[in-house]
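Position 1 is the first residue of the sequence, and the numbers go up from there. Values in this document were obtained by computation on a predicted structure and should not be read as measured data.
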Amino acid sequence: MSQSTAASSNETATTDAETSVPETAADGEAEIDTTDHLSLDAPQHLKISGEVQLFERIFSAAGTVTDKTRLGIAESGIAIRAADQQGHAMVDLRVSGSSFSTFDAGRGTLGVDVGRVRDALSIGDAGDLAQFKVDAANSTLEVNIDGITRTIELDPLESLRYPVEMPDIDIPATVHLSPDDISLGLDAADMLSDRFDLTVDSDAGEMQFAADGDTDSMVYTWEDTDLIAFEPADVEVKLDSSLVKSANADLPDGTSRVLHIGDSVPLVLKSEFPDANGAMQFVIAPKLPN
């Protein structure tokens, strides 16, 4: 993915700068380095177990932008960083090993088909125990739920895109709001147009979504008292309605949303994992003006 800033008209979201999940009150504490272990050989051993819903959240987020992804494994946890083919959105997530029921793994990288893993998970209920095991000799991943084992062939890493990196850009405004509030605003915007304007007014102390249809328009305004936390700056960015809506839908339920917003630069939309030590973020490129 290539950079999109106020000085560039590209509708893409990344550069060759270092990737990181910016520190905010909504971040988890998972100490995962997403830069170092997404291009290693497959781990020689991996046995992880945890609730189906935790694995589903992880692979659902990856599936928002890609069909196949690199899954980075470290002794301390797992990480995914992937982008869509057009370079319009990326996902960056990390989950500590302490979030799983058991976590026994060496360092390495797996190439996984997201859809096949989600198919394997679909036979279980949210609270069921899913067990993941790697057969390094046969280059397969085994997913076991309630005695049913699905064996999935791993994809060679050389067939997958190299991990994208986070753009080094200035993002001056930060907003924390509830998932219900942002979902309501995105639904209203998406009904009218494939794009909407997101603005922050520091003098008025408010954030606003605005969209124009063929004949109708909508504006949804949050004052600072409506927000969980607010670090204002005068910024405006035009975004793809359905893309931001999809990213928000794949953030974990019940967790506050953190938006990092700048003038005509990628939007960073993030949250913690509930009941787990980890965080994920989507980076979404701005749209060109009409």
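- Across Ile228 and Ser178, no two heavy atoms sit closer than the pair CD1-N, 3.8 Å.
- Connection of Ile78 to Leu129 is not established within any shared hydrophobic cluster, with ILVMFWY side chains joined at heavy-atom distances below 4.5 Å, either directly or through further cluster members.
- Once rounded to the nearest 0.5 Å, the distance linking NZ of Lys245 with CG of Leu186 reads 8.0 Å.
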- prompt: Should Arg57 and Val95 be marked as a side chain to side chain contact (heavy atoms under 4.5 Å, CB included) after you check the CA-CA gap, both sets of side-chain angles, and the distance that decides it?
  reply: CA-CA 11 Å; Arg57 284 173 179 144; Val95 183; over 6 Å; no

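- Using a distance-only test at 3.5 Å, with no hydrogens or angles considered, a donor-acceptor pair links the side chain of Thr102 to the main chain of Ser49.
- Side chain of Arg70 to backbone of Thr109: no donor-acceptor contact under 3.5 angstrom is found.
- Across all their heavy atoms, Gly50 and Ser101 have their closest contact at CA-OG, 3.8 Å.
- A donor and an acceptor atom, one from each side chain of Ser202 and Asp234, are located under 3.5 Å apart.
- Both Leu177 and Met218 are part of a single hydrophobic cluster, where members link through side-chain heavy atoms under 4.5 Å apart.
- For the atom pair CD1 (Ile145) and CZ (Phe132), the distance works out to 7.0 Å, reported to the nearest 0.5 Å.
- In the model, Thr149 has a side-chain atom that pairs as donor or acceptor with a side-chain atom of Asn144 under 3.5 Å.
- At distances below 3.5 Å, not a single donor-acceptor pair connects side-chain atoms of Arg257 with backbone N or O atoms of Leu269.
- A distance-only check finds no donor-acceptor pair linking the side chain of Asp113 to the backbone of Lys68 [under 3.5 Å].
- Side chain of Ser99 to backbone of Asn277: a donor-acceptor contact under 3.5 angstrom is found.
- The closest donor-acceptor contact from the side chain of Arg81 to the backbone of Arg94 lies at 3.5 Å or more, if one exists at all.
- Residue Leu184 is grouped with residue Val175 when hydrophobic side chains (ILVMFWY) are merged at heavy-atom distances under 4.5 angstrom, including chains of intermediate members.
- We find the CD1-CG distance between Ile80 and Leu71 to be 5.0 Å, quoted to the nearest 0.5 Å.
- In terms of heavy-atom proximity, Pro172 sits nearest to Asp170 at CD-O, 3.5 Å.
- In this structure Ala120 satisfies the side-chain contact (heavy atoms from CB on, under 4.5 Å) test together with Val143, Arg150, Ile152, sequence neighbours excluded.
- Nearest heavy atom pair, residue Met207 against residue Val200, reads CG-CG2, 4.1 Å.
- Taking every heavy atom of both residues into account, Gly87 and Ala285 meet most closely at O-CB, 4.4 Å.
- The shortest distance between side-chain heavy atoms of Ile58 and Leu93 falls below 4.5 Å.
- No hydrogens or angles considered: a donor-acceptor pair under 3.5 Å links the side chains of Ser183 and Asn248.
- No more than 12 heavy atoms of other residues, nucleotides or ligands lie within 6.0 Å of CD in Glu153, so this atom counts as exposed by the packing criterion.
- The CG atom of Asp194 sits 11.5 Å away from the CG atom of Leu239 when rounded to the nearest 0.5 Å.
- Taken from CG in Leu46 to CG in Leu141, the straight-line distance is 7.5 Å, to the nearest 0.5 Å.
- For residues 117-134, every residue pair satisfying the side-chain hydrogen bond (donor to acceptor under 3.5 Å, both in side chains) rule, not counting sequence neighbours, is listed here: Glu56-Arg118.
- More than 12 heavy atoms of other residues, nucleotides or ligands shown are found within 6.0 angstrom of CG on Asp187.
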message: Before you tell me yes or no, could you show the steps for Asn138 and Thr151 under side chain to side chain contact (heavy atoms under 4.5 Å, CB included), namely the whole-Å CA-CA distance, both residues' side-chain angles and the distance that decides it to 0.1 Å?
response: CA-CA 10 Å; Asn138 293 308; Thr151 300; over 6 Å; no

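- Residue Leu192 is grouped with residue Leu198 when hydrophobic side chains (ILVMFWY) are merged at heavy-atom distances under 4.5 angstrom, including chains of intermediate members.
- Between His88 and Ile284 there is no side-chain heavy-atom pair separated by less than 4.5 Å.
- In this pair, Phe100 and Phe55 present their aromatic rings tilted. The plane angle is within the 30 to 60° band.
- Salt-bridge annotation for Asp240 and Arg195: absent, with no side-chain N of the basic residue lying under 4.0 Å from a carboxylate O of the acidic one.
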task: Give the intermediate values and the outcome of side chain to side chain contact (heavy atoms under 4.5 Å, CB included) for residues Phe196 and Asp190.
output: CA-CA 8 Å; Phe196 72 100; Asp190 193 42; over 6 Å; no

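- With rounding to the nearest 0.5 Å, the separation of CZ in Phe282 from OG in Ser246 is 9.0 Å.
- Taken together through direct or relayed side-chain contacts under 4.5 Å among Ile, Leu, Val, Met, Phe, Trp and Tyr, Met191 and Ile182 form parts of separate hydrophobic clusters.
- Pairs engaging residues 216-229 under the side-chain hydrogen bond (donor to acceptor under 3.5 Å, both in side chains) rule: Gln208-Thr221 [sequence neighbours left out].
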task: Kindly indicate, with the supporting measurements, whether the criterion side chain to side chain contact (heavy atoms under 4.5 Å, CB included) is fulfilled by Ile261 and Val237.
output: CA-CA 8 Å; Ile261 311 157; Val237 62; 4.0 Å; yes

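- A side-chain contact (heavy atoms from CB on, under 4.5 Å) with Thr140 is found for one member of Val134, Leu154, Asp135 and no other, namely Asp135.
- Across every non-hydrogen atom of Ser264 and Pro286, the tightest pair is O-CG, 3.6 Å.
- No side-chain donor-acceptor contact under 3.5 Å links Asp201 to the backbone of Glu206.
- Using a 3.5 Å distance cut-off with no hydrogens or angles, the side chains of Ser60 and Asp250 do pair a donor with an acceptor.
- Residues Asp212 and Ser193 are not in side-chain contact: their nearest non-hydrogen atoms beyond the backbone lie 4.5 Å or more apart.
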